[in-house]
Protein chains: 2
Amino acid sequence: MIELTKREDQIMQIVWKLKNAFIRDIVEALPEPKPHYNTVATLVKILVKKGVLKSELIGNTHQYSPVDDFDAYREKQIGDIKEKFFENSFPKLVAHFAKKEKLTDDERAELIKIINSK
Amino acid sequence: MIELTKREDQIMQIVWKLKNAFIRDIVEALPEPKPHYNTVATLVKILVKKGVLKSELIGNTHQYSPVDDFDAYREKQIGDIKEKFFENSFPKLVAHFAKKEKLTDDERAELIKIINSK
DNA sequence: GTAGACCTACTAATTTATTAGTAGTTTGAA
DNA sequence: TTCAAACTACTAATAAATTAGTAGGTCTAC
């Protein structure tokens with residue numbers, strides 16, 4: 001299974017949100033203190049090698065985007081949380097958030113609709 | 001905010017589940033290839049220094065348990081997932097799992113009860 | 001009392017992750 | 001055309017994380 005380091009994960013979050021990005025976009029999106037351009041370029045190259053980003057040459061610079069089926073990584077992380085914190089129980093997970101979230105009646109209705117739609 | 005490395009997180013998961021543990025329990029619970037006893041001892045010591053584990057001397061060996069209010073760490077991780085993968089939307093999160101989980105009617109009923117209980 | 005198992009504290013080596021420098025290329029504006 | 005900005009590839013230094021060795025203490029079984 002693909003494993004990402006903290007920095008790598010942080011970069012992936014950005015690229016996911018942007019759908020595709022140049023190095024400079026990633027640097028831009030990173031919080032202060034921003035790492036060196038080449039630092040990001042190195043990380044991105046590693047991510048390409050790991051097979052989680054692909055690059056496309058636009059003009060003479062590379063644009064990066066997530067490899068399509070990389071959703072598996074999301075699934076794993078999400079599943080991990082369910083297992084780690086909720087004994088793999090979806091109802092427990094929902095109960096947790098429901099308590100935290102202080103839902104409005106509208107939201108409740110929406111959730112119930114979601115649950116009932118198979 | 002407290003940050004844990006992968007190994008540290010892995011150890012915390014074990015101690016959480018066991019409620020309290022000796023080093024040997026942790027080594028036991030770790031998957032192959034099991035790290036050296038002293039390796040775990042070192043990590044545990046770091047975790048004590050970070051304030052996420054506390055130790056109690058039982059006989060002449062230390063037993064470790066999570067510091068009580070360390071639930072904050074869980075909260076953060078859980079919240080992170082919601083933010084990272086569901087644009088901070090609880091309904092989106094529920095929708096995601098509801099689709100994955102193939103709920104039975106009983107489970108649906110249970111979830112609806114959870115959602116409606118304020 | 002001594003051998004073996006297991007613990008401790010301390011230290012340090014190794015590995016992995018992160019950072020960024022150098023040097024050379026392209027592009028566009030003055 | 002030449003300067004500056006921004007990119008590339010390549011390399012290497014630094015920092016952080018992980019691993020485990022050494023030496024010494026305690027307990028238990030023989």
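A note on names: the letters A, B, ... follow the listed sequences, proteins ahead of strands, and every chain is numbered from 1.
The interatomic distance linking A/Y64 (OH) with D/dC7 (C1') rounds to 10 Å, in whole Å. The nearest whole Å value for the distance from the CG atom in B/N60 to the C1' atom in C/dC7 is 7 Å. Across the protein-nucleic acid pair, A/L57 atom CG and C/dT26 atom P stand 12 Å apart, rounded to whole Å. The distance between atom NZ of A/K34 and atom C1' of C/dA20, rounded to the nearest whole Å, is 17 Å. If you measure from atom CD1 of B/I26 to atom C1' of C/dC6, you get 15 Å, rounded to the nearest angstrom. Between B/I23 atom CD1 and D/dT19 atom P there is a gap of 14 Å when expressed in whole angstrom units. In this structure, B/L4 places its CG atom 15 Å from C1' of D/dT18, rounding to the nearest Å. Rounded to whole Å, the distance from CG on B/L30 to P on D/dA20 is 12 Å.
For the OP1/OP2 pair of D/dT19 and a distance below 4.0 Å, the side-chain nitrogens and oxygens of B/Y37 include no atom meeting the criterion. Taking 4.0 angstrom as the limit, A/R7 places a side-chain polar atom (N or O) nearer than this to OP1 or OP2 of C/dT19. When the side-chain nitrogen and oxygen atoms of B/R24 are compared with OP1 and OP2 of C/dC6, none of them lie within a distance under 4.0 Å. Look at A/H62 and you won't find any side-chain N or O under 4.0 angstrom from OP1 or OP2 of D/dC7. Distances shown here put every side-chain N or O of B/T39 at or beyond 4.0 Å from the OP1 or OP2 atom of D/dT18. Proximity of A/T5 to the phosphate of C/dT18: a side-chain N or O atom is located under 4.0 Å from OP1 or OP2.
Taking a cutoff of 4.0 Å between a charged side-chain nitrogen and a carboxylate oxygen, A/K50 and A/E8 qualify as a salt bridge. Here B/D9 does not pair with B/K6 in a salt bridge; the nearest charged N to carboxylate O distance is not below 4.0 Å. Using a 4.0 Å cut-off between charged side-chain N and carboxylate O, B/K82 and B/E87 make no salt bridge.
Side chain of B/L43, nearest nucleotide from D/dT18, C/dC7, D/dG21: D/dT18. Of the candidate nucleotides C/dT18, D/dT8, C/dA9, C/dA9 has the atom lying nearest to any side-chain atom of B/K45.
Remark on DNA chain D: of its neighbouring residues A/K6 and A/A41, the 5'-side contact belongs to A/A41, judged by nearest-heavy-atom nucleotide.
Ring geometry for A/F86 against A/F97 counts as tilted: the plane angle lies between 30° and 60°, on a 0 to 90° scale.
Partner of B/N20 under the side-chain hydrogen bond (donor to acceptor under 3.5 Å, both in side chains) criterion, chosen from B/K54, B/E56, B/Q63: B/Q63.
Side chain B/N38 to base D/dT22: a donor-acceptor pair is found below 3.5 Å. The base of D/dA20 sits with one of its N or O atoms less than 3.5 Å from a complementary donor or acceptor on the side chain of B/T42.
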